[in-house]
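Report on one structure; see the data block that follows.
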Amino acid sequence: MTKEKDLHGYYTGLRTKFTVIIFFIAFIPLMLLGGTTYYYYSTTVKEKIKNELKLITKNRKDTIDLFLNDRANCLSVLAYTHSFDFLEKKENLLNSFHLSKRVCSAFQDMGIINNDGEQVAYVGPYHLTGKQYGTAEWFQEVMEKDVYISDVFLGFRQVPHFIIAVKRIENGKPWILRVTIDINRINHFMSTALLGKGGSDAYILSREGIYQISGDDRILTKSDFEMPPVFQGIKGKEKHYGGKTVLCAKAWLKNNEWLMVIEQDLEHELGPMVHVKNTVFLIFIVSSLIIVISTMLITKRVFARLEKIALEKLQLREQLVRSDRLAAIGKLASGIAHEINNPLAVIAEKAGWMGDLLTEEDVKNSPNYSELFKSTQDIKKHVQRGKKVISRLMGFARKDDVAQKDVDINFVLDETHDFLNKKAMFKNIALMKEFQPDLPSIVTDGAQLQQVFINIVNNAIDAINKDGVIRLITKAQDGGVLVSIADTGPGMPEKIQKKIFDPFFTTKAVGQGTGLGLSTSYSIVENLGGRLTVESEVGKGTIFHITLPPTCFQETEV
């Protein structure tokens, strides 16, 4: 029992270690695979969004730069194809404005300004004729640069706008043709740059960080955006606002005077990546469950089998030790039997001599003659009984060289009855014989059959335990012999009946059975050419049937 507990504890510990190792080997690659897959997928998606945003930013930069340059060129063509005297007439300026709007629809108004900064003619929704711009910053810029695109400002009209102005020198005097641009047109260009509906923003800042173009009321307010150094090209990087990550692309416009910024909220655009993350996590969970369940089941079955094999080896080793002890006891019993037979022979001889003496006339007349004669007969009887017991013991322990010989099955069962009757009577079990007379003898190994009968009857006695009946039944069947051993024990359920002939299977308590008796009996009967079967019903007892070969086997041998 202690060895079995130690063996169970050893394999339980080994199974735990083996399971941990398998988990480690299985989970580490799984985690690395899932993490690497998600990392490279997220990196690829972010890079794709960044490249897409950079491409859109470049397209919008080119579009806005082209828009501003085209409007400036259109205004320059108009200024250099008409004289100051022609354009200062309002009707001529109006016709030129309408013609220009057909080509450049972004023009809101148009005005002619002389070299003193006075707007001498104006076409538009405001009353700006005669307005003085001599001190305005944009006027000084135009006088220096010939073509000028201003930042957004309020001006006299107190509405955010910006202008494009062209200077022309005519007859030595400079004059300016000026138009106001609709900032909503640029807002339209900016809104089409947004990648998605949620979390996107696009705006234009001046070199001082003032909002020039924006989709909300931030125009002409100061931005806290960190202005980058002036460079050519498109740059994109991640920024963090209030716990959210934003991908930001920047490009300089209007000869590096305006900075266009397009921002994209990655949380919105990376929605599919969250789905992939959840899918990867779900796959990891499912894979983990499969690994855990399969590992537990496999290791349980494998180590249960290993433990069973080790236990069988341990039991087989113990059985071999017992068999070796039984062999030694058999040899010792054989020697003892020979030693006892000699004095029994002397006793039998002396008893016979005493019987001969009692036949004389003078002894017969003795008053104690009857008592002496009875004692002599008792001595002979018990000597014969002792010889019979020793003969059975030697026959059971001896292994015959020639196994096959004529065997009277009734005689073998009769010896089995005598061997086990005392044990049965001690437990108040009736061991009954129901033999068919004139049973044909068969050619077989009587000693091995006796071992089979003893094993089955012993099991029946142990099964009944107390108060019951065991019947030894023989009858001729198809020229052979059928032996049935029936008991009134508790019976066996079907699932146990399927296992009773398996080696080391036993229903007895630990230490009370080896599980080899019926397995050995089954092998003996099969090797002798017979068949061993069982019938049992819970609560009604068990019957073992031993079908032995017919007598024709003897004729073939002859």
Atom [atom1] of [X]: over 12 foreign heavy atoms under 6.0 Å:
X	atom1	result
R471	CZ	no
K222	NZ	yes
M227	CE	yes
Q158	CD	yes

Quick one: closest heavy-atom pair of [X] and [Y], and the distance?
X	Y	answer
N465	K427	O-CD, 3.1 Å
L220	V152	CD2-O, 3.2 Å
A424	L431	CB-CB, 4.3 Å
L205	S223	CD2-CB, 3.8 Å
P125	Q108	CD-O, 3.8 Å
T542	G491	OG1-CA, 3.6 Å

Residue list, salt bridge (charged side-chain N to carboxylate O under 4.0 Å, His left out) with E137, at least two apart or on another chain: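 Testing E137 for salt bridge (charged side-chain N to carboxylate O under 4.0 Å, His left out), a comparison that skips the adjacent residues, returns none.
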
Listed partners of K145 passing salt bridge (charged side-chain N to carboxylate O under 4.0 Å, His left out), at least two apart: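 Only E141 meet the salt bridge (charged side-chain N to carboxylate O under 4.0 Å, His left out) criterion with K145.
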
N/O donor-acceptor pair under 3.5 Å between E537 side chain and E535 backbone: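 A pair under 3.5 Å: no.
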
Are any side-chain N or O atoms of K54 and backbone N or O atoms of A249, one a donor and one an acceptor, separated by less than 3.5 Å?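 Such a contact is absent between K54 side chain and A249 backbone.
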
Once side-chain hydrogen bond (donor to acceptor under 3.5 Å, both in side chains) is applied, do any residues pair with [X], and if so which ones, sequence neighbours excluded?
X	result
K423	N458
S214	D216, R218
E208	S206
H161	none

Validation: residues 292-301 side-chain donor-acceptor distances under 3.5 Å, sequence neighbours left out:
residue	atom	partner	partner atom	Å
S294	OG	I290	O	2.6
S294	OG	I291	O	3.2
T295	OG1	I291	O	2.5
T299	OG1	T295	O	2.5
T299	OG1	M296	O	3.2

Atom pairs and distances, side-chain donor-acceptor, residues 12-27, under 3.5 Å, sequence neighbours left out:
residue	atom	partner	partner atom	Å
T12	OG1	H8	O	2.7
T16	OG1	T12	O	3.0
T19	OG1	R15	O	2.7

With sequence neighbours excluded, what pairs up with [X] under the side-chain contact (heavy atoms from CB on, under 4.5 Å) test?
X	answer
I309	R305, K313
I285	F281, L289
A463	P490
N428	D467

For the aromatic rings, using the six-membered ring if either is Trp, is the centroid distance between W138 and Y133 under 6.0 Å?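 Under 6.0 Å, so yes.
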
K254 pairs by side chain to side chain donor-acceptor pair (under 3.5 Å) with which of D151, D65, N69?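 Considering D151, D65, N69, a side chain to side chain donor-acceptor pair (under 3.5 Å) with K254 is found only for D151.
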
Could you measure the distance from the CG atom of N51 to the NZ atom of K46? Nearest 0.5 Å is fine.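 Those atoms lie 14.0 Å apart.
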
My understanding is that only one of Y211, W252, F162, Y203 makes a ring-ring contact (aromatic ring centres under 6.0 Å, His included) with W258; could you say which?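 Of the listed options, the one satisfying the test is F162.
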
